[in-house]
Amino acid sequence: MRNAELADAFAELGDLYELDGAIVHRVLAYRNAAKAIREAPVSVAELARRGRAQELPGVGKTIAEKIVALLDTGSIPSAEKLKRKFPATLVELTRIPGLGPKRARKLYDDLGIGTLEELRHAAESGTLSDVPGFGPKAAENVLAALAAGADGRPRRRILLSKALTVAEDLAEALREHPAADRVEVAGSARRGTETVKDLDLVATAHDARALSDAFAGLSAVSDVGSSGEAGARALTHNGLSVDLKIVPPRNFGNLLQHFSGSKRHNEALRADAVRRGLHVSEYGVTDDSTGTTHSCTTEAEVYELLGMAYIEPELREDRGELRAAAEGRLPELLRLEDLRGDLHCHTTASDGRNSIEQMARGAQRRGYSYVAITDHSASHGFGNHVSPDDLRRQIERVREVDAGLEGITVLAGTEVNVLPDGSPDYDDDLLAELDWVIASVHTSFRMSEREMTDRMVRAIEHPLIDAIGHPTGRLIERREPYAVNLERVVAAAAEARTFLEINGNPDRRDLSEIHARMAAEAGATIVIDSDAHGVETQANVRYGVITARRAWLTAAHVANTREWPELLELRGRGADGSRP
DNA sequence: GCCGTTTTCGGCCCGACTGTTTTCAGTCG
């Protein structure tokens with residue numbers, strides 16, 4: 001059973017306990033455990049089989065036993081028991097704004113409402129208002145939500161790249177307003193999570209009301225919920241909910257820190273602060289002993305008051321950053337400008353849109369000193385096939401472009417397909433003519449974990465393969481990673497000194513932040529690439545860097561922070577193609 | 001239910017808003 005399935009089961013159990021009226025801390029315990037299981041870099045099923053599930057943060061004796069029960073019998077007894085008390089579909093009611101677990105449960109107990117359809121009938125017929133606490137507004141609210149397309153599923157999350165574009169445009173438009181002082185993107189978009197549910201903007205202003213009104217009038221905004229001195233909430237035309245919060249300049253640091261989250265980071269931060277007699281909120285840091293509240297114009301002041309070094313937004317996920325900040329051992333995170341080259345991009349030879357020269361000049365404009373041209377090989381199943389003879393001609397053209405360009409080294413490479421048996425689909429003598437070989441799995445995804453792992457390890461151990469492209473094959477929100485034992489893959493990569501890619505395509509970000517952190521800790525070297533299919537997507541490397549930062553990576557962990565000659569010394573083969 | 005450089009038991013973040021109320025619980029971020 002996969003981590004995602006296990007995590008879903010415990011998240012559901014948390015929901016069920018909440019509907020059953022359990023104390024919030026118990027509910028939270030199940031949700032914390034679900035998150036830990038979801039984010040575990042290793043198979044939790046295997047971990048649990050070996051009796052080691054309690055190594056996960058938030059998993060204790062009880063939940064560890066329930067994991068084993070779920071693996072043995074396919075269900076958790078306590079969850080089955082709760083489902084006999086009320087229908088599991090009751091959770092769908094809580095996805096209606098204004099309906100939480102308490103009120104949903106009341107509807108079931110009083111009217112027997114267990115599905116959205118039954119809720120609709122009750123709202124339409126007026127029986128809903130028979131329930132104490134449900135007035136005319138409640139029925140109106142239910143019908144409006146259903147009409148707006150509420151279907152009981154959690155609201156769809158959108159990809160970071162789309163969210164950031166909208167957020168940055170909105171922030172820029174607000175900054176141009178005369179009443180604006182400071183405007184910043186906060187929330188999960190600032191932290192760089194893979195997907196985003198809604199946007200948070202924070203601001204200071206000379207005239208808060210005027211800025212709030214200006215926000216409501218922006219062309220990207222379709223509906224305005226509320227608007228006033230403290231800010232506004234609105235919906236963009238593409239359905240993204242945006243919160244603008246405005247405070248006086250002296251509180252900007254408190255506000256930005258608070259609304260950058262994550263929720264879990266802030267909760268842990270505050271719990272830690274309470275132990276020192278301090279209370280943290282978006283309005284300041286209050287000292288119990290003196291009763292004074294400190295306003296912070298910057299986030300750094302907030303962390304300093306708590307005895308911590310400044311924590312970069314990408315690290316604020318309650319994954320050990322608070323302790324590291326208190327002990328002064330936070331990593332110096334990789335920056336975009338640390339990258340010296342891009343080692344994965346495509347041209348019109350396969351499925352790209354630009355020529356070798358255009359891609360090379362694009363790389364040069366980004367300040368790189370080298371770029372590898374890595375078109376698809378002959379059997380990947382989409383775009384143009386690059387036959388061995390095509391590749392030989394492509395190498396010649398790369399050499400010509402390289403000779404004609406000053407200040408950037410253009411490298412001849414390929415993104416060679418890894419066949420089901422783990423071998424590349426070009427012959428070794430052809431691969432040996434290339435400067436750089438990245439190998440990726442593009443076909444036969446549905447192998448068993450054992451077969452897929454063997455396949456990848458064989459590719460990693462191939463002396464002419466320099467890096468593994470998008471190592472898990474996942475597409476965010478669209479396709480799960482293929483079944484593969486990443487512990488073995490990472491160990492093999494560290495041993496063979498074959499690099500593992502963080503692919504910067506915002507749909508991929510593969511390795512993920514979780515896997516990249518695990519890989520780096522295991523001693524594997526990372527390479528961050530754009531996988532650009534045109535000049536304009538060379539900038540996608542940004543998402544690779546954000547992923548790396550969220551994985552706690554420094555420049556030292558990443559091969560292409562080196563100049564090309566130094567990078568050659570890192571990889572697992574000599575200039576003659578041999579293993580060192 | 002989890003967890004411990006104040007604890008193996010007693011804690012476990014903070015504030016705003018809303019609708020339905022006669023003083024606030026539930027919801028939300």
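Keep in mind the model is a prediction, meaning the values are calculated, not measured. Labels below follow one simple rule: chain letters A, B, ... track the order of the sequence lines, proteins then strands, and each chain is numbered from 1.
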Can you tell me the base-pairing partner of B:dG11? Count Watson-Crick or G-U wobble geometry only, both distances below 3.5 Å, and say none if there is no partner. B:dC2
Between A:Lys66 and A:Ser78, is there a side-chain donor-acceptor contact under 3.5 Å, judged purely by atom types and distance? yes
Protein within reach of the bases, or only the backbone? For nucleotides 21-29 of chain B, mark each nucleotide 5' to 3' as B, S or -, using heavy atoms under 4.0 Å. S----SSSS
For nucleotides B:dT27 and B:dT20, find the distance between their C1' atoms and express it as a whole number of Å. 14 Å
At less than 4.0 Å, is any side-chain N or O atom of A:His279 found next to OP1 or OP2 of B:dC14? Yes or no. yes
Please determine whether a side-chain nitrogen of the Lys or Arg among A:Lys85 and A:Asp20 lies less than 4.0 Å from a carboxylate oxygen of the Asp or Glu. yes
Using the C1' atoms only, state how far B:dT8 lies from B:dC2, rounded to an integer number of Å. 12 Å
Using the C1' atoms only, state how far B:dC12 lies from B:dC17, rounded to an integer number of Å. 25 Å
Would you mind listing every ring-ring contact (aromatic ring centres under 6.0 Å, His included) that reaches into residues 4-37 of chain A, with sequence neighbours excluded? A:Tyr17-A:Tyr30
Can you tell me the distance, in whole Å, between the CG atom of A:Leu278 and the P atom of B:dC14? 10 Å
Do you see a donor-acceptor pair shorter than 3.5 Å between the side chains of A:Thr292 and A:Asp287? no
Please list, by residue number, the residues of residues 16-42 of chain A whose heavy atoms come closer than 4.0 Å to an atom of DNA chain B; answer none if no residue qualifies. A:Ile23, A:His25, A:Arg26, A:Ala29, A:Tyr30
Provide, to the nearest angstrom, the distance between the CZ atom belonging to A:Arg276 and the P atom belonging to B:dT5. 13 Å
So, are A:Arg50 and A:Glu46 salt-bridged, with charged N and O less than 4.0 Å apart? yes
Taking atom C1' of B:dT20 as reference, at what distance in whole Å does atom CG of A:Leu128 sit? 14 Å
Identify, residue by residue, the members of residues 51-85 of chain A with a heavy atom below 4.0 Å from DNA chain B, and return them in order of residue number, or none. A:Pro57, A:Gly58, A:Val59, A:Gly60, A:Lys61, A:Thr62, A:Ile63, A:Lys66
Taking B:dC13 as the reference, what is the distance to B:dC28 when you measure between their C1' atoms (whole Å, please)? 14 Å
If I take atom CG in residue A:Asn141 and atom P in nucleotide B:dG19, what distance separates them, rounded to the nearest angstrom? 8 Å
With distance as the sole criterion, is a donor-acceptor pair present between the side chains of A:Arg182 and A:Thr204 under 3.5 Å? no
For residues 156-167 of chain A, which residue pairs qualify under side-chain hydrogen bond (donor to acceptor under 3.5 Å, both in side chains), counting only residues two or more places apart or in two chains? A:Arg157-A:Thr195
Report yes or no: do A:Asp181 and A:His206 form a side-chain donor-acceptor pair below 3.5 Å? no
Atom C1', compared across B:dG11 and B:dA16: separation rounded to whole Å: 25 Å
Side chain proximity check, A:Val221 to A:Val224, heavy atoms < 4.5 angstrom: yes
Less than 4.5 Å apart, side chain to side chain, heavy atoms only: is that true for A:Glu12 and A:Lys83? yes
Modelled atom types, side-chain donor and acceptor of A:Asn266 and A:Arg316, under 3.5 Å: no
Separation between the P atoms of B:dG1 and B:dT6, rounded to whole Å: 27 Å
Measuring only between side-chain heavy atoms, which start at C-beta, is A:Arg103 closer than 4.5 Å to A:Thr94? no
Which residues, if any, of residues 303-328 of chain A bring a heavy atom under 4.0 Å of DNA chain B? A:Arg323
Same-atom distance (C1') from B:dT21 to B:dG26, integer angstrom: 13 Å
Distance between C1' atoms of B:dT23 and B:dT18 (Å, rounded): 15 Å
Whole angstrom is fine here: how far is it from CG in A:Leu13 over to P in B:dG1? 9 Å
Judged by modelled atom types alone, do A:Ser262 and A:His265 share a side-chain donor-acceptor pair under 3.5 Å? no
For the residue pair A:Thr298 and A:Glu301, confirm or rule out a side-chain donor-acceptor distance under 3.5 Å. yes
Side-chain contact, heavy-atom cut-off 4.5 Å: A:Leu240 with A:Thr236? yes
